Amino acid sequence: MATSKVLGYLESRKNLTGGALGLVGLVLTFTGVAGPYWPVVVAGLYGAGALIAPPERPAPPAFPDPSAQLDAVREDFGKLGGYLTGVDLPPGPAARLTELTDLLAALLEPGWVAAALARDPEGVHALSRAVRQDVPEAVDAFVRTRWWTRLTPGTEPPEVHLERQLSLLREEAERLASALREAEARRQETHTRYLEDRQQ
């Protein structure tokens, strides 16, 4: 630990600035300006350099890699799939749920789509929110509400709300997929222009 502190100081701005001014002191000594007091001049210039050096910049925080975040979302998507297989849904919402989960699975599948998604933190957040919050909450609310509607016939069936919610979530996932597709197309166009410019 002491060795790392010493190495840290040797690479610090204070030491580098002090060392540069100390070299100026040595140059003054060899030109005869410092005279017999050259050790004081060199040490004084080193100390002055260490005092006037700019403060060290703190290291930026290390945030998790987006691809690692996608791995966690994939794992949670697997858990969500296990939960959804145990839920009995009417045919309409079940079809919408299948469409949505198929689209989410395609977005999470390793490959170029996941690589494009990893470059889009907002997309990762939207996908994470859909998997971890929106879909399970919608299905759970349906399950709880369906039980109460049996006791109060004549109210609007909860599957209407669930089907609408799942449709909205699918539209959101489709917009995300479309945005990723457009971003990849722009990226390819940019690379093509770069290669064309390089030929000129």
Side-chain angles (χ1 to χ4, degrees), residues 59-198:
F63 294 112
D65 181 22
S67 59
Q69 289 178 326
L70 276 179
D71 290 340
V73 175
R74 272 189 208 100
E75 188 177 322
D76 291 342
F77 183 68
K79 293 176 188 173
L80 176 64
Y83 164 72
L84 294 175
T85 55
V87 177
D88 183 31
L89 296 177
R96 296 292 167 273
L97 183 62
T98 302
E99 292 170 1
L100 175 60
T101 54
D102 287 349
L103 184 53
L104 293 175
L107 286 168
L108 285 168
E109 185 177 322
W112 75 266
V113 176
L117 187 59
R119 289 189 292 271
D120 180 12
E122 290 181 16
V124 173
H125 174 71
L127 196 57
S128 171
R129 186 184 61 226
V131 168
R132 294 173 173 160
Q133 181 179 345
D134 295 338
V135 174
E137 283 184 6
V139 173
D140 185 57
F142 164 77
V143 171
R144 284 183 281 118
T145 309
R146 182 174 61 176
W147 187 85
W148 286 106
T149 55
R150 291 180 187 153
L151 300 176
T152 54
T155 58
E156 190 175 26
E159 52 264 24
V160 172
H161 291 288
L162 177 62
E163 193 167 349
R164 181 69 184 133
Q165 291 168 9
L166 294 173
S167 296
L168 290 169
L169 289 171
R170 191 190 78 237
E171 288 170 15
E172 186 179 5
E174 285 172 348
R175 282 195 300 273
L176 174 60
S178 176
L180 290 173
R181 199 168 36 246
E182 289 171 12
E184 280 302 300
R186 281 193 305 272
R187 195 165 166 255
Q188 190 157 15
E189 288 171 13
T190 303
H191 189 63
T192 302
R193 281 196 301 273
Y194 162 72
L195 292 174
E196 288 172 349
D197 292 345
R198 205 169 70 179

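In this text the structure is predicted, and so the values were computed from the model without any measurement. Atom set for the values below is all heavy atoms of this structure, side chains included, hydrogens, waters and symmetry mates excluded. Along the sequence shown, residues carry numbers from 1.
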### Task
Inspect the surroundings of CD in Gln133 and state if more than 12 heavy atoms from other residues, nucleotides or ligands are less than 6.0 Å away.
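Above 12, so yes.
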Considering only heavy atoms from C-beta outward, does the side chain of [X] approach that of [Y] to under 4.5 Å?
X      : Y      : result
Thr192 : Glu189 : no
Arg74  : Pro110 : yes
Tyr83  : Asp140 : yes
Leu180 : Leu107 : yes
Glu159 : Arg96  : no

Check [X] against [Y] and note the closest heavy-atom contact, atom names and distance.
X      : Y      : value
Leu117 : Val124 : O-CG2, 3.3 Å
Leu108 : Leu127 : CD2-CD2, 3.4 Å
Asp76  : Val131 : C-CG1, 3.9 Å
Ala130 : Pro136 : O-CD, 3.9 Å
Pro93  : Leu162 : CB-CD2, 3.7 Å

Could you grab the distance from atom [atom1] of [X] to atom [atom2] of [Y], nearest 0.5 Å is fine?
X      : Y      : atom1 : atom2 : value
Leu168 : Asp134 : CG    : CG    : 10.5 Å
Leu103 : Thr98  : CG    : OG1   : 12.5 Å
Leu100 : Leu84  : CG    : CG    : 9.0 Å
His125 : Arg132 : NE2   : CZ    : 10.5 Å

Pairs under 3.5 angstrom only: tabulate donor-acceptor contacts from the side chains of residues 172-179 to other protein residues two or more places apart or in another chain.
residue, atom, partner, partner atom, Å
Glu172, OE2, Arg129, NH2, 2.6
Glu174, OE2, Arg170, NE, 3.2

### Task
Would you check, one step at a time, whether the test salt bridge (Lys or Arg N to Asp or Glu O under 4.0 Å) holds for Arg181 with Glu184?
CA-CA 5 Å; Arg181 199 168 36 246; Glu184 280 302 300; over 6 Å; no
### Query
Donor-acceptor pair, Thr145 side chain versus Phe142 backbone, under 3.5 Å?
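Absent.
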### Message
Run the salt bridge (charged side-chain N to carboxylate O under 4.0 Å, His left out) test against Glu75 and tell me which residues pass, sequence neighbours left out.
### Response
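Testing Glu75 for salt bridge (charged side-chain N to carboxylate O under 4.0 Å, His left out), a comparison that skips the adjacent residues, returns none.
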